[in-house]
Amino acid sequence: MSSALHDDAVLIERAQKGDRSAFDDLVRRHERRAYQYAFRLTSNGDEAMDIVADAFVRVYNAIPNFRAQSAFTTWLYRIVTNCYLDLRKKDKGKYNVSLDAPAADGQSETARQVEDDRPGPDRDLEKTERERLVQFAIQKLPEYQRAMLVMYHVEMLSYEEIAQALDLPIGTVKSRLNRARLSLRELLEKDMELFNLG
Amino acid sequence: MNATKAREYFSPYYEGDLEAGLRQAFEHALAADAELKREYESFAHSMTLLGGLKEIEIEVPFDLSERINARIDHAIWEKSQQKAKPWFSAQWFRLATVTGVAGIAILGTIFALTSGQKSGPGVASPIPIAAKGEPEVVTYRYEMGQLWLDVEQSDRGLVSILGEDGQTVKELSVSTEARKSPFTNNQSAPILIEVRSRVAGQSEYVAVPGLEQETQAVGSGSVRDLLLALSTWYRTAVVFSGTNLEQAVTWEFKGQTLGEANLSKISLPGLIVVSKGTVISVTETDSP
């Protein structure tokens, strides 16, 4: 067992006995990663914060029953994903335009965060532009596909870990991930003027 | 292999997971279909771009921990309210109706409200929670084994009752009329609650005796321990006006009942202990 996993195991055991400070330590160890994942799914800081807060409440309520059949991080990804999907379900039928949501020109908050106004080499600008387009295309994907793509390509989870997090067979994860990538490719291709494959 | 089937293999081919036979068939399909080949190249390029996303740093809000903790605290509080619901719906509503108390919104409690305890009833002589000159907000009586909070305010306000962990366990929303809310601690051990008026901006701690009887007249510990011991020994509520619950003290109680007690003989540095009506008042003085 790695040191990080061991530390988690110790904190989880203490939290399961009702030690709130151990739980708080667990939150501190994982909140950053959980937030970044939630932010990549939503491109909205407030929503990401809500999702992460809800997720840790669920973790708090469920931790007495956590049996460590998977790593804590995998379990957390599962909970954050569920919170995100629940939020989207709740939002269905509502027409919400967030100030942080991608603007009509496709500019998302993520893109704004990485923009640099200083003059730089053309290839850097092009790279930034492409990253921005990829982010925007991901936001157009169905929630489930978005979560899978982010888990695999950004959070670097393995197929096995995604399968555990989403409670799916590995074969299903692979085939759904392939469909998500195909959808993404199509979306990216629609903006060929900006998205130059050269 | 047709184009539809070949697209299913885009990912495994890209990741080098296709077995030799399938890989060959896939490459044949690409070679035979220029559009499919272009699609695959576009796919491979988007995979490269996806990989670049992980390098984008996402700034984490400075108050993330705070927000998470606040949400957890709120969830715990909500849970405690849910546990208290059966008591609220039956006992509290009945008592409120009997005593003619109307219009009080109670959001939750940890107390079990019963009237089973026996205690020497006396003439109520409430202790005002507010300082002299300010409107009287909350007063206390301990009668028939119950702690009574008389809440009087000129304006609509809120009185919060907090458990020892600082979590709100009950809130009383009060209007212009005097309100009465009796409590009984149904646990065996005494408990310490905090009663906080949001209007007056003040709070007091109240020890409420449980079912057990204190057998030790002499003891030592913190002010918190003293309050709990006092309430259990004399079977009444003890109201503490002060902030330092952790100050170390030693004590010796005289007499078994409040009537027999000579509280002024309890010499405690920095504290004034007096009997007021049916309750005991412990006040922190400036100089210990």
Side-chain angles (χ1 to χ4, degrees), chain A residues 20 23-24 27-28 31-40 45-46 48-50 52-61 109-111 113-114 127-128 130-135 137-138 149-150 152-156 174-175 177-182 184-189 192 195 197-198, chain B residues 3-18 26 35-80 82-83 163-167:
Chain A
R20 176 67 190 268
F23 185 81
D24 290 345
V27 170
R28 274 191 290 275
E31 63 182 9
R32 186 179 181 85
R33 193 171 182 181
Y35 176 83
Q36 288 178 333
Y37 172 57
F39 186 89
R40 289 184 200 277
D46 280 341
M49 194 116 99
D50 274 346
V52 173
D54 274 350
F56 277 111
V57 169
R58 292 190 194 186
V59 169
Y60 182 84
N61 289 330
E109 189 176 323
T110 308
Q113 285 187 350
V114 296
K127 182 173 174 280
T128 304
R130 288 181 178 193
E131 286 168 351
R132 185 170 71 76
L133 282 166
V134 177
Q135 266 292 339
I138 287 176
L149 279 179
V150 173
Y152 187 87
H153 291 280
V154 185
E155 303 296 323
M156 308 304 288
K174 285 184 175 179
S175 61
L177 201 47
N178 186 57
R179 274 202 292 277
R181 289 165 179 159
L182 291 172
L184 183 77
R185 187 204 68 80
E186 274 183 46
L187 286 167
L188 286 170
E189 207 174 49
M192 284 299 288
F195 182 59
L197 287 179
Chain B
T4 308
K5 193 73 191 165
R7 285 188 196 99
E8 287 178 21
Y9 295 128
F10 273 16
S11 288
Y13 182 76
Y14 181 83
E15 290 170 335
D17 284 346
L18 274 188
F26 178 82
E35 175 57 22
L36 186 67
K37 187 166 187 270
R38 192 197 62 75
E39 269 185 44
Y40 177 74
E41 284 169 354
S42 158
F43 176 88
H45 192 78
S46 62
M47 291 286 275
T48 308
L49 291 175
L50 269 171
L53 288 181
K54 62 177 177 290
E55 287 156 25
I56 301 174
E57 187 64 28
I58 305 290
E59 199 179 320
V60 177
F62 71 95
D63 60 342
L64 180 62
S65 301
E66 207 175 294
R67 193 127 146 207
I68 293 168
N69 281 326
R71 195 72 67 85
I72 291 168
D73 290 344
H74 184 75
I76 293 168
W77 175 71
E78 274 186 336
K79 225 176 185 177
S80 73
Q82 282 167 3
K83 278 182 190 165
E164 270 192 279
D165 55 359
Q167 301 296 315

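Proteins get letters first, then strands, A, B, ... in listed order; numbering begins at 1 in each.
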- Message: Quick check on A/L182 against chain B: is it the side chain, the backbone, both or neither that has a heavy atom closer than 4.5 Å?
- Response: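 It is both, since atoms from each part get that close.
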
Query raised in the report: Is chain B contacted by the side chain of A/Y60, its backbone, both, or neither, given a heavy-atom distance below 4.5 Å?
Result: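 For A/Y60, the contact with chain B is made by the side chain alone.
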
- Can you name the residues that form a side chain to side chain donor-acceptor pair (under 3.5 Å) with B/S65, not counting sequence neighbours?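 Expected list: A/E31.
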
Who are the side chain to side chain donor-acceptor pair (under 3.5 Å) partners of B/E15, not counting sequence neighbours?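 Expected list: A/Y152, A/Y159, A/R181.
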
Atom pair [atom1] ([X]) and [atom2] ([Y]), whose distance is rounded to the nearest 0.5 Å:
X      : Y     : atom1 : atom2 : answer
A/E189 : B/H45 : CD    : NE2   : 11.5 Å
A/E155 : B/K54 : CD    : NZ    : 11.0 Å
A/R58  : B/I72 : CZ    : CD1   : 13.0 Å

Residue selection (most heavy-atom pairs with chain A, distance under 4.5 Å) from B/L53, B/D63, B/N69:
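Among the listed options, the one with the most contacts to chain A is B/L53.
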
If you count heavy-atom pairs under 4.5 Å between each of [options] and chain B, which one has the most?
options                       : answer
A/V59, A/I138, A/D24, A/D54   : A/D54
A/R32, A/R28, A/H153          : A/H153
A/V57, A/V154, A/N178, A/L184 : A/N178

Q. For the residue pair B/S46 and A/L188, what are the closest heavy atoms and their distance?
A.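 Heavy-atom minimum between the residues: CB-CD1, 3.6 Å.
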
- Could you pull out the closest heavy-atom pair between B/R71 and A/D50, with the gap in Å?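 Result for this residue pair: NH2-OD1, 2.8 Å.
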
- Query: Judged by modelled atom types alone, do A/R185 and B/S42 share a side-chain donor-acceptor pair under 3.5 Å?
  - Reply: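 Checked: A/R185/B/S42 side chains pair up, N/O donor to acceptor below 3.5 Å.
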
Notebook entry, point to check: Given side chains that start at C-beta, do those of A/V52 and B/R67 come closer than 4.5 Å, heavy atoms only?
Noted result: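 No, their side chains stay 4.5 Å or more apart.
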
